[in-house]
Protein chains: 2
Amino acid sequence: MRIGELAAATGTTTKTLRFYEDAGLLHPAGRTPAGYREYGQDAVARLDFIRRGRAASLTLAQIREVLDVRDQGHAPCRHVEDLLATRLRALDAQIADLQELRATVAQLHDAARGGDPDTCGAEQVCRYL
Amino acid sequence: MRIGELAAATGTTTKTLRFYEDAGLLHPAGRTPAGYREYGQDAVARLDFIRRGRAASLTLAQIREVLDVRDQGHAPCRHVEDLLATRLRALDAQIADLQELRATVAQLHDAARGGDPDTCGAEQVCRYL
DNA sequence: CTGGACCTTCCAGTGCAGGGGAAGGTCAAG
DNA sequence: CTTGACCTTCCCCTGCACTGGAAGGTCCAG
């Protein structure tokens with residue numbers, strides 16, 4: 001199939017597919033005599049994997065690592081497990097950071113809600129922030 | 001004071017201060033005969049405000065809005081309150097999204113943790129993702 | 001044989017908040 | 001007089017994952 005069909009079949013765009021090829025996530029596609037890219041079903045499976053990886057918030061670099069392991073003939077299960085564990089820890093840290101930030105912002109907002117603009121001094125930009 | 005002193009006094013860099021001036025967060029500074037920027041104490045207060053805004057995860061554009069209101073002679077309290085409320089809602093949404101994502105990744109990780117690499121078929125990249 | 005849908009490559013831009021570094025001017029100390 | 005610290009403008013680079021658009025080639029239906 002050609003690039004447009006593959007894009008439609010995997011819910012992405014031709015732009016993205018060429019970008020993935022440049023980024024090393026897709027093997028350079030075979031070409032028709034006219035120079036058009038030609039893909040087989042394996043490309044669909046590969047893109048489905050990439051999509052699942054993206055859905056799990058893995059970066060393209062991480063997904064490529066997994067694909068590289070697979071392309072070298074090894075089962076990437078172990079690598080995927082490590083990746084997911086790392087991602088999980090990062091997500092926990094990120095959520096904790098955001099919750100802390102939320103508490104700070106909520107505190108500021110509580111102080112500002114009920115404030116009287118007329119009592120603002122001109123020597124500072126805003127006493128509520 | 002000169003730009004390096006101001007940077008040291010506010011815990012930032014000269015690069016950032018020039019960037020803020022370009023971005024409209026700082027008024028164009030006065031210049032010495034040699035062309036050096038010259039700042040007063042008000043610049044320190046302004047940068048402290050910017051720093052607090054950044055700490056509350058406001059964007060530079062949002063902070064500039066507040067400063068613009070202030071510069072036009074109005075107390076920005078009300079504007080700040082709205083901004084904080086909006087930021088709070090965005091943070092809640094972001095935290096909820098991340099928690100959902102975390103659940104998904106945790107599920108994948110649980111499935112992968114106990115898996116046997118030898119049972120992986122070659123027809124897919126990895127059955128755990 | 002022409003129109004339109006598709007394909008190719010290449011270059012540039014998006015958003016965000018700066019950072020790196022070059023080429024050159026200024027100032028005070030030694 | 002020179003050294004070194006500081007300042008100036010200028011332009012490009014970073015990360016991340018694309019997206020937009022121009023200029024041109026290919027293919028098929030009418």
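Labels below follow one simple rule: chain letters A, B, ... track the order of the sequence lines, proteins then strands, and each chain is numbered from 1. Every value quoted in this text rests on a predicted model; they were computed, and no experiment measured them.
When heavy atoms are screened at a 4.0 angstrom cut-off, R54(B) is found touching the sugar-phosphate backbone but no base atom. Within 4.0 Å of T32(B), counting heavy atoms only, lies no atom of the nucleic acid at all.
Checking the phosphate oxygens (OP1, OP2) of dC6(C), no side-chain nitrogen or oxygen of R37(A) falls inside 4.0 Å. T13(B) has no side-chain polar atom (N or O) that falls below the 4.0 Å cut-off from OP1 or OP2 of dG18(C). Between R2(A) and the phosphate of dC28(D), there is no side-chain N or O to OP1/OP2 separation shorter than 4.0 Å.
When each of dT9(C), dG20(C), dC18(D) is scored by its nearest atom to the side-chain atoms of R18(A), the top-ranked nucleotide is dT9(C). With dT19(D), dG19(C), dT26(C) as the candidates, the nucleotide lying closest to the side chain of A34(B) is dT26(C). Of the listed nucleotides (dG19(C), dC7(D), dT19(D)), dG19(C) has the atom at the smallest distance from the side chain of T16(B). Checked against dC7(C), dT9(C), dC7(D), the side chain of Y36(B) finds its nearest nucleotide in dC7(D). Counting only heavy atoms from C-beta on, L60(A) has its side chain closest to dA17(D) among dA17(D), dC10(C), dG25(C). Checking dG20(D), dA17(D), dT8(C) against every side-chain atom of T59(A), the shortest atom distance belongs to dA17(D). Comparing dC18(D), dG25(C), dT8(C) by their closest approach to the side chain of Y20(A) singles out dC18(D).
The nearest whole Å value for the distance from the CG atom in D22(B) to the C1' atom in dC12(D) is 15 Å. Straight-line distance from the OH atom of Y39(B) to the C1' atom of dT8(D): 12 Å, rounded to whole Å. Residue R31(A) contributes atom CZ, which lies 14 Å from atom P of dC27(D) at whole-angstrom precision. In this structure, CG of L17(B) is placed 16 Å from C1' of dT9(D), rounded to the nearest angstrom. E21(A) places its CD atom 8 Å from the P atom of dT9(C), with the value rounded to the nearest Å. With rounding to whole Å, L26(B) atom CG is found 11 Å from dG18(C) atom P. With rounding to whole Å, I3(A) atom CD1 is found 19 Å from dG25(D) atom P. One interatomic measurement links the two molecules: CZ of F19(A) to P of dG21(D), which rounds to 19 Å at whole-angstrom precision.
Between the side chain of E5(B) and the backbone N or O of R2(B), at least one donor-acceptor pair lies under 3.5 Å.
In this structure the side chain of M1(A) reaches within 4.5 angstrom of the side chain of Q41(A), judged on heavy atoms. Residues V44(A) and Y39(A) are not in side-chain contact: their nearest non-hydrogen atoms beyond the backbone lie 4.5 Å or more apart. A 4.5 Å side-chain heavy-atom check between L47(B) and Y20(B) finds at least one atom pair inside the cut-off. Considering only heavy atoms from C-beta on, I3(B) stays 4.5 Å or farther from Y36(B) through its side chain.
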